[in-house]
Amino acid sequence: MKNVISAVCVECGAEYEATPNTTVCPKCGGILDIKYDYNYIKSQVTPEDMADRHENSMWRYQEFLPVEGIGKRPKLRVGWSPFYHAVHLEEMLGVDKLYVKDDGINPTASLKDRASAMAVVKAEEAEVDTICCSSTGNAASSLAGNSAAAGFKTFIFVPSRAPKGKVSQLLNFGATVMSVEGSYEETFNMSALAIERYGWYNRNAAINPYLMEGKKTVALEIAEQLGWKMTDYVALSVGDGCTIAGVWKGFKDLYAAGFIDKLPRLISVQAEGCCPLNKAIAEDKPWKPMEENTIADSIAVGVPRNATKALNAIRESNGVVVNVSDQEILDAMKLLGRTCGVFGEPAGVAGTAGLKKAVEQGLVPKNATYVSIVTGNGLKDVVNAIKAAGEPISLKPEPERLLKVFKELGVE
Ligand SMILES: *Cc1c(COP(=O)(O)O)cnc(C)c1O
Ligand SMILES: [Zn+2]
């Protein structure tokens, strides 16, 4: 990989060769970060080149990714998700510009597909035939789907609270699924044990440094979809912290390669009932574990696995932290649906809930431009979707009833 220099430990700074099986720092156990040669990247690709590319997936950015090529195995089409100018919501919030990036449109319906697509390519490079992960749900279903397409075996550990929509996906994708009766932390530990024992490829985003590189493609797309004119703020939800760290890495890569001339500020959104990273930023203290008390299961992460990278990303971007209640998340689900026609799961819309709250509370200015990333699709968690929007009008199949009901609704 001519574009990659090394893998650097974010805790102790030690540098290693980036091999397909690279995981954490052998010295201190810290998470590694892939370091690029931006002069080389610049010599290979320009922003103008991108316009001519017909690869409508995350792989259109190969020069910025830690891969030789994308391997021979079949792939799902991941990335190049829709980017909408959210006119109605923009007007409602009174901000200069607001865009919504809908990553729920990915093949298994979440942003996690970007990391799993990367995992599958690296697993092929590593010449293994089995991949394993633990997940609150979406990392698992995306791994199962991307692995199924590519012909890998998968073993998956989920906490027993994972919503049925997600579990049903991974079972249909043919994964062997372990539903752990415990917290996400306990689930993670079980998967680590199994990976160690059986030598499987590790698709745990907080251990495998390549996965964040897949996630960063959402930022590369946002920049390109904005015509390389950077937005002031990007809002997204945060659990383990790999997504926000990836998003920040993507923007920094583009800045270093001269594709964009400024960096956005990140709005890190967590749930009030589980916000260890935002709390650490707000109090300027080290993070401490919290209970996992929110309906937004994908960000119910009491012990964040990528805390250092996430905290660095929020601080470096001069970011803003906002915590939202479950009710605010449910309201945002309805709001996005009604104003944009975008259907997100609770964690998927939490970024928008936080953006709305930050604008309303004056934490961020109205005369600024915003991008809100929707990270997962609403069909993942229909129980909460119904909670957000309520039940339909029940109607007996009798004409008089119909007229009566519509009269009550004020329909003439
Ligand atoms: C995983 C996930 C997140 C949070 O990403 P982290 O890397 O855990 O911070 C947010 N939303 C959805 C839908 C997710 O699946
Ligand atoms: Zn180290």
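Indexing begins at 1, ligand by ligand and atom by atom, following the structure's order.
Our summary of the site lists the angle at the Zn ion (ligand 2) between SG of Cys9 and SG of Cys25 as 110°, to the nearest 10 degrees. The SG atom of Cys12, the Zn ion (ligand 2) and the SG atom of Cys28 define an angle of 120° (nearest 10 degrees).
For ligand 1, the atoms lying closer than 4.0 Å to a non-hydrogen atom of Asn138 are 13 (C), 14 (C), 15 (O). Ligand 1 places these atoms under 4.0 Å from at least one heavy atom of Gly376: 13 (C). Below 4.0 Å from some heavy atom of Glu345 lie the following atoms of ligand 1, by number and element: 13 (C). In summary, the atoms of ligand 1 found under 4.0 Å from a heavy atom of Gly239, numbered by their order in the structure, are 4 (C), 6 (P), 8 (O), 9 (O). Listed by atom number, the atoms of ligand 1 under 4.0 Å from Ile299 heavy atoms are 3 (C), 4 (C), 10 (C). Each of the atoms 10 (C), 11 (N) of ligand 1 lies under 4.0 Å from some heavy atom of Ser237. Proximity to Cys242 (heavy-atom distance under 4.0 Å) selects the following atoms of ligand 1: 6 (P), 7 (O), 9 (O). Contact atoms of ligand 1 toward Val238: 9 (O) (distance under 4.0 Å to a heavy atom of the residue).
Taking the six-membered ring where the residue is Trp, the centroids of Phe259 and Phe64 are separated by under 6.0 Å.
Using a 4.0 Å cut-off between charged nitrogen and carboxylate oxygen, Arg60 and Glu224 count as a salt-bridge pair. In summary, Asp232 and Lys262 engage in a salt bridge, as defined by a charged side-chain N under 4.0 Å from a carboxylate O. Look at Glu124 and Lys72 and you find no salt bridge, because none of the NZ, NE, NH1 or NH2 atoms lies under 4.0 Å from a carboxylate O. One finds no salt bridge joining Lys27 and Glu15 here, because no Lys/Arg side-chain nitrogen approaches an Asp/Glu carboxylate oxygen to under 4.0 Å. Under the 4.0 Å criterion applied to side-chain N and carboxylate O atoms, Asp297 and Lys166 are assigned as salt-bridge partners. Ion pairing of Glu63 with Arg53 is present here, as a side-chain N (NZ or NE/NH1/NH2) and a carboxylate O approach within less than 4.0 Å. Salt bridge annotation for Lys366-Asp96: absent, with no cationic side-chain nitrogen under 4.0 angstrom from a carboxylate oxygen.
Ranking protein heavy atoms by distance to atom 8 (O) of ligand 1, first place goes to Asp240 N, 2.8 Å.
Of the candidates Thr375, Asn377, Thr243, it is Thr243 that places a heavy atom closest to atom 7 (O) of ligand 1. One option in Lys215, Lys309, Lys112 has a heavy atom closer to atom 2 (C) of ligand 1 than any other, and that option is Lys112.
In this structure, Lys380 has no heavy atom closer than 4.0 Å to ligand 1. Residue contacts with ligand 1 include Gly241, since one of its heavy atoms falls under 4.0 Å from the ligand.
In terms of polar-atom proximity, Ile244 is not counted as a contact of ligand 1, lacking any N or O under 3.5 Å from an N or O of the ligand.
By the 30° and 60° cut-offs, the orientation of the rings of Tyr184 relative to Phe188 is perpendicular. Under the 30°/60° scheme for interplanar angles, the aromatic rings of Tyr99 and Phe83 are found to lie parallel.
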